[in-house]
Amino acid sequence: MPPVPPYDPAAVEAKWQARWIERRTNEPDLDRPARPFYNLMMFPYPSAEGLHVGNMFAFTGADIYGRFKRLQGYDVFEPMGFDAFGIHSENYALSIGTNPAQLIPRNIANFRRQLKRFGGMFDWRHELSTTDPAYYKWTQWLFLQLFRAGLAYKKRAAVNWCPKDKTVLANEQVINGRCERCDTPVEQRFLDQWFFRITDFAERLLVNLGQLDWSSSTVALQRNWIGKSEGAELVFETPGSRKIAVFTTRPDTVFGATYLVVAPEHPLVEELIAVEQRAAVRAYQREVQAKDIVSRRIGEKTKTGVFLGSYARNPATGEAIPIWIADYVLMEYGTGAIMAVPAHDKRDFEFATQFGLAIRQVVKAPSPEPLPSVSEDGVLMQSGAFDGLPCREGGRKIVAWLATRGMATARVQYRLHDWCISRQRYWGPPIPIIYCERCGPVGVPERDLPVELPFIEDFRPDDTGVSPLARHKEWYFVKCPDCGGEGRRETDVSDTFLDSSWYYLRYPSTEFADRPFDPARTKTWLPVTSYIGGNEHAVLHLLYSRFVSMVLKDLGHIHFEEPFPKLRAHGLIVKDGAKMSKSRGNVVVPDAYIQQWGADTFRMYLMFLGAFQEGGDFRETGIVGIRRFLDKVWQLAHEATPDGQLAPETERKLHQTIKKVTTDTESLDYNTAIAAMMEYVNVLRERSGGGGGGGGGTRQGLEPLLVMLAPYAPHFTEELWELFGHETSVFSGAWPSHDERLATAGDVEIAVQVNGRLRSRLTVPRGTAQELVVARVLADEAVKKFVDGEPLKNVIYVQDRLVNLVV
RNA sequence: GCCCGGGUGGCGAAACUGGUAGACGCAAGGGACUUAAAAUCCCUUGGGAGGCGACUCCCAUGCAGGUUCGAGUCCUGCCCCGGGCACCA
């Protein structure tokens with residue numbers, strides 16, 4: 001027998017990557033697929049550091065699934081692209097003094113090289129980048145669809161402002177109330193911003209969650225984010241007949257409302273200030289405004305607030321109660337005003353204690369507990385005619401009673417806010433609006449799209465609080481498309497999440513310059529068949545994408561409203577127990593590992609690290625185990641005989657392996673699928689008389705293994721598939737099916753217990769009847785010792801698994 | 001504080017609807033081959049006790065209880081770790 005050539009991953013992988021391109025292996029027919037399968041993974045942000053192992057872990061897992069579906073006979077479309085706009089890129093570009101327009105293409109080129117090297121089944125004909133004018137033309141189009149449908153509007157809203165850098169900061173750039181770059185305390189500033197009315201879709205976004213086949217963790221994150229609360233709006237009247245509406249989830253506690261709090265920005269504040277409190281209130285309002293948004297929202301230890309000097313009537317008790325302003329009440333939630341029930345709310349209790357306000361208990365908890373007692377399990381007390389009622393029932397009755405006087409309405413409240421899409425920055429698609437002195441804000445007509453982002457030498461944000469685009473005069477001043485009069489462009493760019501909210505629609509249609517997505521292609525390929533990504537995008541990206549799909553469906557552009565009926569979240573790869581990040585300096589780049597071990601080994605190693613949907617800690621010990629496994633398969637294949645019957649045990653193991661690898665790959669349990677293939681290879685090797693020569697397996701035993709292994713180690717299996725004389729790709733083959741009869745043939749070992757404790761084992765043919773098993777067990781010395789002549793009280797028999805004698 | 005995960009050998013992890021805990025892999029120890037090393041192959045490996053030995057018994061899945069013939073798995077109450085939300089009324 002000739003010596004087996006060594007397995008040289010670099011050569012094998014280069015050969016097959018070239019051949020896949022030549023043979024167009026990864027390019028499905030997008031127009032006439034027999035069984036379309038859109039295999040999507042979350043596209044990366046092309047950082048300067050390059051693709052890290054976390055990206056590769058995610059993409060490998062998704063790629064395995066796509067290749068698996070391909071082998072099951074689907075026409076799998078697996079595209080890849082780059083999410084390259086945004087503050088991330090811009091800040092990095094600022095820090096190294098390069099324009100992002102020059103930086104990003106370099107980063108993309110590097111990512112593309114890495115993505116090709118790891119062996120993904122990507123259809124590169126359909127690559128896209130969100131920074132490409134051919135792409136963002138349609139991002140702008142999307143904005144205009146929303147604008148024309150009345151779903152985009154402008155509103156003054158608070159932003160974080162660094163007074164030293166004179167720029168708007170994203171929330172992530174504010175660390176402990178200070179600018180992450182210069183450490184200056186950050187302030188709130190109010191600027192006009194574009195918003196999308198996503199809150200109009202809150203209920204639909206919530207209800208639809210019920211029909212989605214998604215990882216439960218992701219569903220929970222979305223549900224929390226939407227944050228539906230059911231409660232009531234109650235009205236408190238002032239002696240001057242001003243009505244102050246409050247939202248509460250606990251209308252049952254209204255008899256315990258001893259004061260009101262309104263947000264410092266509440267429009268009624270002006271009318272409610274008593275003369276003698278004017279100075280104090282003004283000072284407080286200024287103090288609140290000087291805080292940044294982040295630290296205001298993340299509760300501080302001590303509460304602050306000021307008495308307005310006026311009173312309102314509690315609609316239940318008729319008492320006059322004081323009105324305060326405090327920044328623990330937020331203008332953007334509910335009505336911007338609350339009824340404070342210090343006995344039954346932690347925050348109100350803290351505030352009341354601090355300022356010496358009345359505390360009145362109105363709920364009696366089932367077991368005595370100190371105030372504040374927030375449980376809804378108790379019954380009402382000190383609540384007039386409602387005493388003794390359980391909280392929930394009492395709440396409903398109180399609302400009904402107050403409603404007769406127009407003082408209450410049941411209502412729901414969501415915590416979801418409208419989506420602010422404006423960014424006073426440079427690196428994004430310009431929002432396609434022109435402000436005309438005569439016509440107001442006018443959408444840029446479609447024929448004038450894209451509104452190209454001009455190349456600006458100095459793209460730093462400046463002290464005007466508007467985007468650097470405003471400095472580019474010939475870009476900034478334009479004619480109004482409606483009346484031809486003087487106009488100016490909107491200088492804000494849009495949020496990166498708008499770019500990524502529709503990219504899955506673009507992939508199948510990238511070659512069409514005249515439409516965002518081709519109707520026929522969209523009909524064929526969407527919604528996405530399988531979407532795999534990380535939970536870091538569980539909320540914003542996925543929620544915005546769902547919202548955009550709903551809008552496009554309502555406007556008649558697409559035929560579905562849920563873009564991702566099936567979604568799986570992969571786990572996170574961490575390093576030394578911590579998330580990989582540039583600042584921690586623990587980012588692991590895959591290149592060196594691929595260089596040393598090859599892409600196939602490294603792919604499998606990442607998948608073998610732990611459960612795909614749970615993630616794990618990256619270590620390098622153990623890579624060699626995968627390489628040893630591949631070497632064994634390589635050896636077996638080279639020594640394999642062309643034919644020959646499989647031994648019964650081998651055949652049984654093969655069918656068990658097919659069964660397990662099929663179900664495990666389907667459920668993304670890649671680590672156990674790999675383990676099953678390892679077990680099978682161990683059996684083949686025992687059969688063939690160990691390694692180092694002697695026999696090898698047979699092709700019958702190995703070909704199904706190669707197919708099952710192909711999604712995991714695509715280059716490696718192509719090479720051996722070819723060795724076996726196949727002229728087409730292993731991915732043109734068919735996934736093996738198992739024969740249940742063969743998989744379960746043979747003997748089984750049964751556990752023998754006495755009183756639930758394992759005392760012996762017994763090997764019998766599968767399917768042996770209880771009587772026979774029990775008879776043999778009772779004859780067993782090891783068992784007799786424990787039964788000790790006692791009569792059997794009970795015998796538990798689990799077919800083919802266990803017998804338990806109870807004495 | 002609330003909502004998700006999770007806690008199993010020296011390490012990464014397995015374990016179907018409750019049914020032989022530790023599959024698979026790493027590391028470690030011993031042996032074979034070799035002038036030697038690497039590579040490869042074979043054996044051992046949760047802890048404890050007993051036996052020359054094939055073996056036998058006890059303990060063991062974060063902690064404390066419970067349900068059950070039987071619990072890593074179900075229930076109750078705690079502790080710890082990771083992630084998300086967070087003054088959301």
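Every heavy atom of this structure was used, including side-chain atoms; hydrogens, water molecules and symmetry mates were not. Because the structure is a prediction, the values reported are computed rather than measured. Just so it is clear: chains get the letters A, B, ... in the order the sequence lines come, proteins before strands, and each one is counted from 1.
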Would you check if there is a donor-acceptor pair between the side chains of A:Glu620 and A:Tyr593 at a distance under 3.5 Å? yes

When the C1' atoms of B:G51 and B:C58 are considered, how many whole Å apart are they? 15 Å

For A:Tyr414 and A:Asn794, take the nucleotide of RNA chain B holding the closest heavy atom to each; which residue's nucleotide lies nearer the 5' end? A:Asn794

If you apply the rule salt bridge (Lys or Arg N to Asp or Glu O under 4.0 Å), what do you find for A:Glu203 with A:Lys228, and how did you get there? CA-CA 8 Å; A:Glu203 188 64 23; A:Lys228 182 177 183 174; 3.0 Å; yes

Pairing of A:Asp213 and A:Arg568 as salt bridge, 4.0 angstrom limit: yes

Given the ring of A:Trp634, does A:Arg628 sit roughly above its face, with NZ or CZ under 6.0 Å from the centre of the six-membered ring and within 45° of the axis? no

With the side chain of A:Val624 defined as its heavy atoms from C-beta on, choose the nearest nucleotide among B:A89, B:C3, B:A27. B:A27

Could you work out which one of B:C26, B:U20, B:G25 sits closest to the side chain of A:Met678? B:G25

Minimum-distance nucleotide (side-chain atoms of A:Ala675 versus B:A89, B:A23, B:C41): B:A23

Which residues satisfy the side chain to side chain contact (heavy atoms under 4.5 Å, CB included) test with A:Arg761, sequence neighbours excluded? A:Glu749, A:Leu758

A:Lys303 to A:Tyr328, cation-pi by 6.0 Å centre distance and 45° axis angle: yes

Side-chain contact check for A:Trp225: nearest option of B:C85, B:A89, B:A23 is B:C85

Treat primed atoms plus P, OP1 and OP2 as sugar-phosphate and everything else as base, then score nucleotides 53-59 of chain B 5' to 3': B for base contact with protein heavy atoms under 4.0 Å, S for sugar-phosphate contact only, - for none. ---SSSS

Please give, in whole Å, the distance from B:G1 P to A:Glu350 CD? 14 Å

Tell me yes or no: between the side chains of A:Arg766 and A:Gln799, is some donor less than 3.5 Å from an acceptor? no

Once each nucleotide of nucleotides 13-19 of chain B is scored for protein heavy atoms under 4.0 Å, what B/S/- sequence comes out, 5' to 3'? SS-B--B

What interatomic distance, in whole Å, is found between P of B:G22 and the corresponding atom of B:A27? 22 Å

